[in-house]
J.: 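Can you read through this structure? Questions will come right after.
Chain identifiers are assigned alphabetically (A, B, ...) following the order of the sequence lines, protein sequences preceding nucleic acid strands; residue numbering begins at 1 within each chain.
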Amino acid sequence: MSSKDDEYDYLFKVVLIGDSGVGKSNLLSRFTRNEFNLESKSTIGVEFATRSMKVDGKTIKAQIWDTAGQERYRAITAAYYRGAVGALLVYDIAKHLTYENVERWLRELRDHADQNIVIMLVGNKSDLRHLRAVTTEEAKTFAERNGLSFIETSALDSTNVDMAFQNILSEIYRIVSQKQIRDPPEGDTIRPQNYVSSVVSNTVLVIIEQLFNHRFCIYSSDFCTIHQWLFVLFINL
Amino acid sequence: MAQTMYSKVDEYGFERPTNFDYKLHAEFMEKYMRTLVRRAQRWSTLKGKNKYVKNNKLRRFVRKGVPLDLRSIVWMQVSEAQVLKDASPANYYNIRKTQINNPALIEMIKIDVPRTFPDNINFISQEYLSKQMFNVLATFAHQNSEVGYCQGLNYITGLLLLVTKNEEVSFWLLKVLVENILPKYSVTNMSGLLVDLDVLDELVARFDVDIHRHIRKIGMPWAMVTTKWFICLFCEVLPTETVLRIWDCIFYEGSKIIFRVGLTLIKLHKTEILRTKELSELITCFKDMRNHKEVIDCHQFMINIFKIPGSITDNELQRLRIKYSKTQNQR
């Protein structure tokens with residue numbers, strides 16, 4: 001591994017989940033190596049690959065993890081979610097059953113992943129227009145109702161693949177960097193192992209902040225540090 | 001075999017990995033060819049009706065490698081798949097005819113068949129192989145509802161077909177592996193796999209405390225790198241020739257061979273493992289094991305698996321499995 005590869009400002013772990021055959025491995029290979037295999041091997045165990053991207057002038061190293069889709073493998077995949085700050089929940093737009101199973105995958109995330117993991121719903125195989133079984137509207141509405149971002153991709157013709165990763169990485173970055181502005185860590189960069197806790201604590205802060213803005217809207221986050229917020233919150237409770 | 005020595009595909013039609021060391025392989029093959037010839041001669045001295053009945057001599061022979069053209073018949077005998085076949089009230093083709101009817105199962109298998117060995121020239125050029133793979137998997141799935149179809153069985157079936165070149169034989173070998181030889185790895189809750197992952201952890205801890213401590217420190221769950229060891233029996237993990245030599249012994253001696261191979265792999269890579277600093281590096285280290293000189297030299301590797309890990313008896317393995325199935329049940 002060259003040292004160049006290792007130079008990054010942030011390392012984000014993102015997991016790919018979804019039913020067997022929806023194209024998780026091809027999304028991974030399209031994003032990290034710009035490769036696509038019509039007949040790629042079925043994934044057993046765990047695969048991962050990395051790619052660095054620029055977000056707001058910062059280098060984000062995305063470590064993408066790919067897992068087996070068959071339901072029984074969930075018996076051993078709980079550990080894959082550890083430390084993940086993002087999840088791409090993939091279904092096949094041409095197979096309705098893979099979309100129906102999205103709810104089960106969300107439950108799986110609730111049970112095993114960090115509660116503040118950023119989730120993006122991905123309708124893959126958008127090139128299969130003539131076979132479409134899940135409408136964009138339907139999936140979009142579902143995503144909105146469940147607080148997920150949503151995109152349709154095609155690993156085959158590359159449509160929106162970079163965009164999907166760019167979006168989820170930006171979203172994660174936004175959360176992490178907001179936290180940094182409020183509560184700068186020692187030194188210039190956050191150490192990779194701290195990201196998860198950054199996201200977790202940050203989200204807690206955002207929730208407190210929102211609650212607070214709701215009750216006492218005269219305060220603005222631009223003028224107060226989080227310590228002041230907590231203090232004010234404490235004395236108001 | 002000589003003409004394929006420098007080929008981009010191996011003797012079984014598999015594309016070699018991109019970082020394949022051709023020079024190292026050529027050096028090994030030159031030596032291994034002589035071994036193969038000698039072994040073929042030795043096997044030809046076995047005569048008579050009971051020539052493949054299990055005894056110490058046959059076990060020694062199997063450990064030194066079954067010649068490719070004898071694998072079908074020897075595997076059928078030593079694994080007792082032949083007994084299973086002879087005792088079955090219906091023959092394979094009757095089971096196949098009556099059993100294939102569950103659409104969800106069929107769909108799952110259909111997704112995986114073309115995704116099994118897309119890079120194998122035999123599967124690319126001979127369409128009937130895919131059809132046979134589907135037949136074996138679907139027939140197996142329908143006659144064993146506890147397992148049905150488990151991803152990973154496709155790789156085992158594919159390799160069985162390449163070696164035996166016979167759909168019926170492949171079915172019985174798959175059946176004896178999943179139902180008799182291996183614990184419940186492929187069932188819907190993968191209970192046997194969960195137990196054996198714990199067993200592996202304990203065996204590694206006993207075997208090499210430094211490696212165990214390091215892997216714990218990095219926080220790698222065994223399932224991440226060893227699932228394929230148990231589920232695919234090293235297919236897609238190690239070079240094909242090494243895998244088949246391992247299978248020779250699994251059919252004869254059972255699932256403890258998986259632990260022998262696993263512990264040997266870990267020990268041979270001790271320096272590399274201890275050098276890793278974080279999870280992704282450690283996983284890469286495990287994935288690169290197939291390129292290790294001592295793994296490519298399958299003959300030496302097979303000698304090592306019976307030497308390096310020391311004694312692993314059936315009784316001890318049984319005791320550990322009971323111990324960890326109790327802890328699994330408590331979870």
J.: For a quick test of reading the model, state the closest non-hydrogen atom pair linking A:Ser40 to B:Pro118 and the distance between them.
T.: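 Residues A:Ser40 and B:Pro118, closest heavy atoms: C-CG, 4.4 Å.
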J.: Quick one: OH on A:Tyr80 to CE on B:Met224, what's the gap to the nearest 0.5 Å?
T.: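 Rounded to the nearest 0.5 Å, the OH-CE separation comes out at 6.0 Å.
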J.: Can you confirm whether the side chains of B:Arg115 and A:Ser20 place a donor and an acceptor under 3.5 Å from each other?
T.: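 Yes, side-chain donor-acceptor contact under 3.5 Å.
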J.: Can you establish whether the number of heavy atoms outside B:Lys184 located under 6.0 Å from its atom NZ is more than 12?
T.: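 No, not enclosed.
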J.: What is the distance from atom NZ of A:Lys13 to atom CG of B:Leu279, rounded to the nearest 0.5 Å?
T.: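 So the NZ of A:Lys13 and the CG of B:Leu279 are separated by 6.5 Å.
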J.: When rounded to the nearest 0.5 angstrom, what is the spacing between CD1 in A:Ile76 and CG in B:Leu194?
T.: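 Nearest 0.5 Å value for the CD1-CG distance: 7.5 Å.
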J.: Going by heavy atoms in the side chains, are B:Tyr155 and A:Ser42 under 4.5 Å from each other?
T.: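 Of all side-chain heavy-atom pairs linking A:Ser42 with B:Tyr155, at least one is under 4.5 Å.
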J.: Decide if atom NZ of A:Lys140 counts as having more than 12 heavy atoms of other residues, nucleotides or ligands within a radius under 6.0 Å.
T.: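 Not buried by this count: 12 neighbours or fewer within 6.0 Å.
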J.: Where on B:Thr188 is there a heavy atom nearer than 4.5 Å to chain A: the side chain, the backbone, both, or neither?
T.: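 Contact with chain A involves both backbone and side-chain atoms of B:Thr188.
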J.: Could you state the interatomic distance from CD (A:Gln70) to CD1 (B:Ile111), rounded to the nearest 0.5 Å?
T.: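 Result: 10.0 Å between the selected atoms.
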J.: Taking atom NZ of B:Lys110 as the centre, does the number of heavy atoms from other residues, nucleotides or ligands within less than 6.0 Å exceed 12?
T.: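 Check fails, neighbour count at 12 or below.
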J.: Identify which part of A:Arg74 has an atom lying under 4.5 Å from any heavy atom of chain B, answering side chain, backbone, both or neither.
T.: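 Neither part; nothing is under 4.5 Å.
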J.: Which pair of heavy atoms, one from B:Met190 and one from A:Ala75, lies closest together, and at what distance?
T.: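 Answer, listing the atom of B:Met190 first, then A:Ala75: CB-CB, 4.4 Å.
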J.: Below 4.5 Å, heavy atoms only, C-beta onward: do B:Val147 and A:Arg72 meet side chain to side chain?
T.: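 The answer is yes, as the side chains (C-beta and beyond) meet within the 4.5 Å cut-off.
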J.: List the atom of B:Thr227, the atom of A:Gly45, and the distance in Å for their closest heavy-atom pair.
T.: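 Looks like CB-CA, 4.2 Å.
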J.: With a 4.5 angstrom heavy-atom cut-off, could you sort out which part of A:Thr67 is near chain B: side chain, backbone, both or neither?
T.: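 Contact with chain B: none, neither part.
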J.: With rounding to the nearest 0.5 Å, note down the distance linking CD in A:Glu71 to CE in B:Met108.
T.: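 Answer rounded to 0.5 Å: 9.0 Å.
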J.: Side chain, backbone, both or neither: which part of B:Pro114 has a non-hydrogen atom closer than 4.5 Å to chain A?
T.: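 Interface part for B:Pro114: both.
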J.: Just so I understand: if I count every heavy-atom pair under 4.5 Å between each of B:Thr226, B:Asp119, B:Leu197 and chain A, which residue has the most?
T.: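 Highest number of pairs under 4.5 Å: B:Asp119.
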J.: Go through the atoms of B:Cys150 and report whether side chain, backbone, both or neither lie under 4.5 Å from a heavy atom of chain A.
T.: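 When you check distances to chain A, atoms from both the backbone and side chain of B:Cys150 fall under 4.5 Å.
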